[in-house]
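Okay, structure first, notes after.
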Amino acid sequence: MMKNNAMDYLPRMVIFSRVVELGAFSKAARELGLTSSSVSQHISALETMLGTTLLHRTTRKLCLTEAGQDFYAHCARIVALANEARQNTESLHNELVGELRIAASSFMATEYLVPALEEFIRSHPKLRINIDVNDHNIDLMDKSVDLALRVGKGPGATDIVLAQLDAVLCAAPAYLRSHGPIHRPEDLQLQDFLFFTPHGATVELSLRDRGGQCVQLRLTPRLTANHARSLRKLALQGHGVARLLKSKVQDDLDAGRLVRVLPDWSLDSYSAFLTTKYRDAMPAKILTCITHIQAYFNRRHPGEDPVSQPG
């Protein structure tokens, strides 16, 4: 009866199977990176563990005993299953199969992610893709998300920056008519301010004029929202001055539905970036997806130098 655990005999089963298949201790030793004496010791130890002789050794050849023949059949199946498991795992890592989960905010999903994935989806029919649209930054590990497309001011050292997105201050013409002109950054402290945030905390606002002068303001928003489209709608309804990505409101600015506030002053830009739960080698499906998204951002925002690349 075998009393040893698997760690004692599984490696020796591999050695035994190669000895049988190659027909010599020396050949198996060279293939496995062992000495011939070490291979012989492993086979002897295996026979001791099993309580039977597996091989008859002569100076010219090796012959399997009846017990050895039966045991080799099991060894061969186990080694084949191990190789199959390795090949399947490598296939999932290197080929574009399986599932890919990507998270993005509602704006980034419709404006960037879905268009960026059009050719990627068409080119890889074996890949299942799940897009999680959420205006909160979800925990990638907790939600089993592979990749997230985000916008923010503080991408991490391992994040992949795609482009810089300009933000603007804007308000509806009706609001500006009823609340007086805004000539200086300090005038914002007398205005109703709308801000994109899940919290109602005080907002730090940094503005810079064309001469390089910088003004820092602390503002308490009247209205906050964690959904960018809702914040834009609040601005269109005339509820206050909003800080929004320029790309979100360019059509409204062109049509006069919103008016740029303090056009001679610029805000800090936001970074569009990708973040992933992988810290070591990324599967091919992740790397290929990243490449498609990067290419789309390069087309949408030409002239941007790549800031970081996937490792």
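Residues Leu64 and Phe71 fail the side-chain proximity criterion, which asks for heavy atoms closer than 4.5 Å. Annotation: side chain of Phe25 is in contact with side chain of Ile43 (closest heavy-atom distance under 4.5 Å). Looking only at side-chain heavy atoms (C-beta outward), Leu217 and Pro185 come within less than 4.5 Å of each other. For the pair Asp146 and Ile102, the minimum side-chain heavy-atom distance is 4.5 Å or more. Between His56 and Leu62, every side-chain heavy-atom pair lies at or beyond the 4.5 Å cut-off. Contact annotation: the side chain of Val14 never approaches that of Pro11 to less than 4.5 Å [non-hydrogen atoms, C-beta and beyond]. The closest side-chain heavy-atom distance from Leu207 to Cys214 is not below 4.5 Å. Considering only heavy atoms from C-beta on, Asp159 stays 4.5 Å or farther from Leu274 through its side chain.
Between Ile131 atom CD1 and Leu147 atom CG the span is 11.0 Å, to the nearest 0.5 Å. A distance of 7.0 Å separates OG in Ser105 from CG in Leu149, rounded to the nearest 0.5 Å. Atom CG of Asp209 is separated from atom CG of Leu262 by 10.5 Å, given to the nearest 0.5 angstrom. Taking CG of Leu245 as the reference point, atom CE of Met108 lies at 8.0 Å (rounded to 0.5 Å). Distance OG/Ser230 to CG/Leu223: 11.5 Å, rounded to 0.5 Å. Interatomic distance, CZ of Phe16 versus SG of Cys75, reported as 6.0 Å (0.5 Å rounding).
Pairs of residues two or more places apart, or lying in two chains, that qualify as ring-ring contact (aromatic ring centres under 6.0 Å, His included) and include a residue from residues 109-130 are Tyr112-Phe297, Tyr112-His301, Phe120-His124, Phe120-His292. For residues 242-262, the set of pairs meeting the side-chain hydrogen bond (donor to acceptor under 3.5 Å, both in side chains) definition, not counting sequence neighbours, comprises Arg232-Asp252, Arg243-Tyr270, Gln250-Asp254, Asp252-Arg257. Listed by first then second residue, pairs satisfying side-chain hydrogen bond (donor to acceptor under 3.5 Å, both in side chains) with a partner in residues 172-188 read Tyr175-Gln191, not counting sequence neighbours.
When the side chain to side chain contact (heavy atoms under 4.5 Å, CB included) test is applied to Thr52, the partners found at least two apart in sequence or on another chain are Leu50, Leu54, Ala67. Qualifying side-chain hydrogen bond (donor to acceptor under 3.5 Å, both in side chains) partners for Glu66, counting only residues two or more places apart in sequence or in other chains: none. For Arg101, the salt bridge (charged side-chain N to carboxylate O under 4.0 Å, His left out) partners at least two apart in sequence or on another chain are Glu99. In this structure Arg222 satisfies the salt bridge (charged side-chain N to carboxylate O under 4.0 Å, His left out) test together with Asp192, sequence neighbours excluded. Among residues two or more places apart in sequence or in another chain, the salt bridge (charged side-chain N to carboxylate O under 4.0 Å, His left out) test is passed with Arg30 by none. In this view, Thr53 satisfies the side-chain hydrogen bond (donor to acceptor under 3.5 Å, both in side chains) rule with no residue, not counting sequence neighbours. For Ser266, the side chain to side chain contact (heavy atoms under 4.5 Å, CB included) criterion is met by Arg208, not counting sequence neighbours. Applying the salt bridge (charged side-chain N to carboxylate O under 4.0 Å, His left out) rule to Arg218 yields the partners Glu204; only residues at least two apart in sequence or on another chain are considered. In this structure, the side-chain hydrogen bond (donor to acceptor under 3.5 Å, both in side chains) partners of Glu31, at least two apart in sequence or on a different chain, are Arg18.
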Under the side-chain contact (heavy atoms from CB on, under 4.5 Å) criterion, do Val261 and Leu176 qualify, and how do the steps go?
-> CA-CA 9 Å; Val261 173; Leu176 293 174; 4.3 Å; yes
Would Ile290 and Ile286 count as a side-chain contact (heavy atoms from CB on, under 4.5 Å) if you check the C-alpha gap in whole Å, the side-chain angles of each, and the deciding distance to 0.1 Å?
-> CA-CA 6 Å; Ile290 289 172; Ile286 306 294; 3.9 Å; yes
Determine, step by step, whether Lys233 and Gln237 satisfy the side-chain contact (heavy atoms from CB on, under 4.5 Å) criterion, reporting the C-alpha distance in whole Å, the side-chain angles of both residues, the deciding distance to 0.1 Å, and the verdict.
-> CA-CA 6 Å; Lys233 186 67 174 178; Gln237 290 174 346; 3.8 Å; yes
Where do Asn130 and Leu100 land on the side-chain contact (heavy atoms from CB on, under 4.5 Å) test, with the steps shown first?
-> CA-CA 6 Å; Asn130 181 298; Leu100 177 61; over 6 Å; no
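Counting all heavy atoms, side chain and backbone alike, Thr110 lies closest to Pro115 at O-CD, 3.5 Å. Leu253 and Cys170 get closest at one heavy-atom pair: CD2-CB, 4.3 Å. Contact detail for Val20 and Leu55: the closest heavy-atom pair is CG2-CD2, 4.5 Å. What you find for Asp268 and Ala167 is that their closest heavy atoms are O-CB, 4.2 Å. Closest approach of Pro263 and Arg210 over heavy atoms only: O-NH2, 4.3 Å. Shown here for Leu162 and Gln294, the closest heavy-atom pair between the two residues is CD2-CG, 3.6 Å.
A donor-acceptor pair under 3.5 Å is formed between the side chain of Thr48 and the backbone N or O of Ser44. Between the side chain of Gln41 and the main chain of Ser36, no donor-acceptor pair closer than 3.5 Å is present.
Annotation for Glu118: atom CD does not count as buried by contact number, only 12 or fewer foreign heavy atoms lying within 6.0 Å.
Both Tyr72 and Ile78 are assigned to one and the same hydrophobic cluster, defined by single-linkage of ILVMFWY side chains at heavy-atom distances under 4.5 Å. If you chain together hydrophobic residues whose side chains sit under 4.5 Å apart, Val79 and Leu34 never meet in one group. Hydrophobic clustering of Ile, Leu, Val, Met, Phe, Trp and Tyr side chains at less than 4.5 Å, counting indirect connections, unites Leu267 with Trp265. Hydrophobic clustering (ILVMFWY, side-chain heavy atoms < 4.5 Å, transitive): Ile129 and Ile293 are in one cluster. By the rule that hydrophobic residues join a cluster once side-chain heavy atoms approach within less than 4.5 Å of another member, Leu117 and Leu287 end up as members of one cluster.
Between Glu111 and Arg300, at least one side-chain nitrogen of the basic residue sits less than 4.0 Å from a carboxylate oxygen of the acidic one, meeting the salt-bridge criterion.
A side-chain contact (heavy atoms from CB on, under 4.5 Å) with Leu244 is found for one member of Leu231, Leu169, Leu194 and no other, namely Leu231.
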